[in-house]
Amino acid sequence: MEKRKDKKKKPYMMPQDQLTQTTGWLGTIFLATVAALFILVGGVMLFVDGVKELYLIYMISALLIALGIGLIVKYFVTEAYRSVHDYGFSGGALIVILGGCALARAGQLTMQIAAFVGLLVLSVAVVMLQQAMQLHIMRKKVWTVVLAISLVTLLSSVLLLFDISAVTGKVEGFEYWVLLAAGVLTLLCMLISGIGVRIFLHQERDEMLRMHKEQQLAFAREEDQKRLESTMKKIEDESESEKTE
C-alpha cells in the first residue's frame, strides 16, 4: 500500500491574529472596491452624456450604507466584540445613518458636489499617506513615490474642498477628473504597498530563520564543548587512578 503523504499543518493562530488577518483582507477589498467605483463614477460623469450629478449622490449614499452594513456584519462575523478597542458596530451604524441622510438630502448635496468629491478624495489620500509611512518604516525606497502620489492627491482634494476656482475653473469637470485619477492612483499605491510589505515580511522571515539556525549551531557547539570537557576530565581521572595503583 502506498504511504499517505503527510499534509503540512497550518501554524496555529490565536483568535486575535485571525481577527487581524480577516480585518486586513476586508479592508483591502473595500479600498479596492472604492477605487474601482471612483474610476467608474469619474469615467461615467466625464464620458457619458445625460448623466445627472444626482445619480452620483445616490450611488455614493448607497455605497456608504453598504459600507456601514458591512462593518456591522464584520463586527459579529469576526467576533470583534472580543476586542475592547474595536468600534466596528458603532462606526458602521454611524456610516449607515450618514448614508441615509445623504440619500434624503441628495438634491441639496448636488449644489456642493465639488466639496463632496473633495471629501471622498481626501479619505483615500490619507490612506495613501499611511501606506507611504508604512513603507518608510520598512525602509523601502519606493516610499517616496507613494508619498508624492499621496501629496498630489491631497492637494487636489484641498482644491475641491476650498473651491479654488482659479485652478478648478480652468478644467471642465475638474472634480470628476480628480475622482478618476484618485481611483487609479489608489490602486497603484495598493499594488506598490502590497509588494513592498510582502518583500519585507519575506526578508523578516528569512532573518528569523537565520537567527534560529545560529542559535541552534551555538547550542550544538556548547553541547559539544561540554561533552569534550567531560571526556577530558574522565580521561584525567582514569590516568590519576592508574598512577595511584
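We count residues from 1, following the sequence as given.
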What distance separates [X] [atom1] from [Y] [atom2], expressed to the nearest 0.5 Å?
| X | Y | atom1 | atom2 | result |
| --- | --- | --- | --- | --- |
| Met190 | Gln131 | CE | CD | 7.0 Å |
| Gln225 | Arg227 | CD | CZ | 10.5 Å |
| Leu160 | Leu119 | CG | CG | 9.5 Å |
| Lys140 | Thr144 | NZ | OG1 | 13.5 Å |
| Thr110 | Phe116 | OG1 | CZ | 11.0 Å |
| Cys101 | Leu109 | SG | CG | 10.0 Å |

Is there a path of hydrophobic side-chain contacts, each under 4.5 Å between heavy atoms of I/L/V/M/F/W/Y residues, joining [Y] to [X]?
| X | Y | answer |
| --- | --- | --- |
| Val152 | Ile39 | no |
| Leu120 | Leu122 | yes |
| Val124 | Leu155 | no |
| Leu94 | Leu71 | no |
| Leu179 | Leu46 | yes |

Close side-chain approach of [X] to [Y], heavy-atom, < 4.5 Å:
| X | Y | result |
| --- | --- | --- |
| Gln108 | Arg105 | yes |
| Ser193 | Val197 | yes |
| Leu64 | Val96 | no |
| Thr186 | Val34 | no |
| Ile57 | Ile113 | yes |
| Ile192 | Leu135 | yes |

For this session: Apply the test side-chain contact (heavy atoms from CB on, under 4.5 Å) to residues Leu180 and Trp177: give CA-CA distance (whole Å), side-chain angles for both, the deciding distance (0.1 Å), then the verdict.
Result: CA-CA 5 Å; Leu180 177 63; Trp177 283 110; 4.2 Å; yes
Problem set entry | Over 12 non-hydrogen atoms of neighbours within 6.0 angstrom of CZ in Arg210 | yes
Exercise. Does Phe47 CZ have over 12 foreign heavy atoms under 6.0 Å away?
Worked result: yes
[X] to [Y] - nearest heavy-atom pair and separation:
| X | Y | value |
| --- | --- | --- |
| Ser150 | Ala125 | CB-O, 3.9 Å |
| Ser61 | Leu103 | OG-N, 3.4 Å |
| Cys189 | Ile149 | SG-CG2, 3.6 Å |
| Val117 | Glu175 | CG1-O, 3.5 Å |
| Gly183 | Phe38 | CA-CB, 3.8 Å |
| Ala182 | Thr153 | CB-CG2, 4.3 Å |

Exercise. Is the ring centre of Phe200 less than 6.0 Å from the ring centre of Trp143?
Worked result: no
Exercise. Cut-off 3.5 Å, side chains only: do Glu53 and Tyr176 have a donor facing an acceptor?
Worked result: yes
For this session: Return the orientation label for the Phe89 and Phe76 ring planes: parallel under 30°, perpendicular over 60°, tilted otherwise.
Result: perpendicular
